[in-house]
Amino acid sequence: MHLTNEQLLELNKESREHLIQCDNCSIRAKNLSAMRGKLQNLAEQKPMSDNWQHIKASYQHQNYDQQMNLVNKKTTFWRNMTVAMAASLVLFMAGQNYFLNSHHQQNFEQTAELTRLIESNNIIQSLLVAQFEGNSVDAMKVVNLQIELDIIDKTLQQAYLKNISDKEKTVLWQQRQALIQSSFTADKQPKIMKI
Amino acid sequence: MRKNSGFNQIVSKDLILLAQQGDIDAFEKIYRLFADASYALAFRICSQHSVAEDVVHDAFIKIMNNVNKFRNDGSFSGWCRRIVTYEALDRLKKSHRVHLVNEDDLIDGEELELFQQDWLDAVIDLDKLLQQLSPNYRAVFILHELEGYNHKEIAQFFEKSESFSKVTLNRAYASLKKIALKTTQELQYAPN
């Protein structure tokens with residue numbers, strides 16, 4: 001029984017042993033080997049042009065797109081945060097009107113202090129957004145800040161709904177401001193002055 | 001793999017490390033090492049210069065994007081060669097809707113005469129001859145006979161059984177013999 005073509009094409013131990021004793025298969029194996037020799041000597045095909053610059057440009061473009069997508073995601077987050085902040089302010093203003101109408105300038109100075117705190121919160125948050133958009137920022141840092149701000153904002157909203165004292169609200173706004181300020185990189189800490 | 005294949009070149013660990021750190025110059029050096037071999041492999045499988053250039057382009061983007069996944073558990077050139085092969089086969093499947101041999105077709109009339117003579121002896125342009133093979137015959141033939149992949153590896157590339165690779169290679173040889181004899185005959189009877 002002779003070796004099949006498939007056996008000849010990928011010889012195993014038994015097929016090799018068979019070749020030693022079978023002249024017919026041995027000739028077939030030699031012919032195959034000669035043809036393979038010609039195939040091995042085929043010249044290396046060369047590309048018609050040097051495509052490295054094209055590949056490099058595509059790779060860099062792809063990387064740029066990926067980075068832009070990351071930045072866009074962060075920007076969307078901060079836009080959402082600003083919207084949330086605005087919602088908090090609307091709630092605050094509604095609460096403040098109610099407060100002013102019902103208490104007729106009672107403890108007006110405390111309220112003015114609170115307004116200044118909210119304004120400075122707004123300013124430093126804008127500065128932080130600008131810093132985050134302009135630099136590569138640790139994604140975990142952004143997420144952690146988002147969570148912590150979310151907790152304080154919800155507490156603030158509850159504070160206005162429950163109409164707690166301005167003193168307590170001031171503490172919450174101060175905490176919020178301190179949290180945002182701590183998120184700036186060391187050399188870019190903004191100086192918030194009282195207006 | 002052929003002795004003169006560009007994929008025989010060894011890439012230093014330092015160069016791989018630089019590439020893994022995103023060094024664009026390191027990528028260029030790797031490209032220069034394997035560009036010709038990648039192109040040759042892609043062209044022999046796809047049979048078109050423009051497609052082969054696209055294959056090399058896309059394969060190198062993949063190499064650059066995935067270089068950090070290379071774990072030194074094999075040769076870097078082998079890893080690159082596999083990416084180029086997958087890319088070329090992918091193009092081939094998309095452009096030709098490659099007909100794969102059914103498992104039912106495995107019982108085939110065995111042609112024992114196939115290797116009774118060296119019918120490639122009279123062939124002048126072997127590359128041109130290979131281009132006349134049908135796309136899937138050519139792909140399996142190139143991968144086994146020129147690139148040195150075994151049936152198991154080829155089966156993985158095509159997501160088929162080893163029998164598929166064995167039968168396709170056998171048929172590719174039979175088809176190549178037919179084309180070679182026809183070409184030789186035409187040359188003999190061609191007017192001077």
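Labels below follow one simple rule: chain letters A, B, ... track the order of the sequence lines, proteins then strands, and each chain is numbered from 1.
With respect to chain B, the highest number of heavy-atom pairs below 4.5 Å among A:His54, A:Lys30, A:Lys56 belongs to A:His54. When each of B:Gln117, B:His57, B:Arg32 is scored by its heavy-atom pairs under 4.5 Å with chain A, the top score falls to B:His57.
Neither the backbone nor the side chain of B:Leu41 comes within less than 4.5 Å of any heavy atom of chain A. Contact annotation for B:Asp58: neither backbone nor side-chain heavy atoms come within less than 4.5 Å of a heavy atom of chain A. With a 4.5 angstrom heavy-atom cutoff, A:Ser49 touches chain B via backbone and side-chain atoms both. Looking at B:His151, both its backbone and its side chain come within 4.5 Å of chain A, counting heavy atoms on both sides. Only the side chain of B:His49 comes within less than 4.5 Å of a heavy atom in chain A; its backbone stays farther off.
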Run the side-chain contact (heavy atoms from CB on, under 4.5 Å) test on B:Leu169 and A:Glu10 for me, step by step, so that the C-alpha distance in whole Å, both residues' side-chain angles and the decisive distance to 0.1 Å come before the verdict. CA-CA 10 Å; B:Leu169 181 65; A:Glu10 231 179 73; over 6 Å; no

When you look at B:Leu114 and A:Leu32, which way does the side-chain contact (heavy atoms from CB on, under 4.5 Å) test go after all the steps? CA-CA 9 Å; B:Leu114 189 56; A:Leu32 175 60; over 6 Å; no

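Within residues 60-71 of chain B, the residues having any heavy atom under 4.5 Å from a heavy atom of chain A are, by residue number, B:Phe60, B:Ile61, B:Met64, B:Asn65. When the heavy atoms of residues 13-23 of chain A are compared with those of chain B, none of the residues falls under 4.5 Å.
In this structure, the separation between CG on B:Asp36 and NZ on A:Lys46 is 4.0 Å, given to the nearest 0.5 Å. Taking CG of A:Leu39 as the start and CZ of B:Arg44 as the end, the distance is 9.0 Å to the nearest 0.5 Å. The distance from atom OH of B:Tyr173 to atom CG of A:Leu8, rounded to the nearest 0.5 Å, is 10.5 Å.
Looking at residues two or more places apart in sequence or on another chain, you find a side chain to side chain contact (heavy atoms under 4.5 Å, CB included) between B:Arg82 and B:Trp79, B:Tyr149, B:Phe157. Scored by the side chain to side chain contact (heavy atoms under 4.5 Å, CB included) test, A:Ser165 finds A:Lys167, A:Glu168 as partners (sequence neighbours excluded).
Under the 4.0 Å criterion applied to side-chain N and carboxylate O atoms, A:Arg36 and B:Glu145 are assigned as salt-bridge partners.
Under the 3.5 Å distance criterion, the side-chain polar atoms of B:Asp118 are left unmatched by any main-chain donor or acceptor of A:Asn31. The backbone N or O of A:Pro47 sits nowhere less than 3.5 Å from a side-chain atom of B:Glu53 that would complete a donor-acceptor pair.
Residue B:Lys128 places its NZ atom among 12 or fewer non-hydrogen atoms of other residues, nucleotides or ligands, all under 6.0 Å distant. Heavy atoms from other residues, nucleotides or ligands lying under 6.0 Å from CD of B:Glu159 number 12 at most.
Between A:Asn24 and B:Gln116, some side-chain heavy-atom pair lies under the 4.5 Å cut-off.
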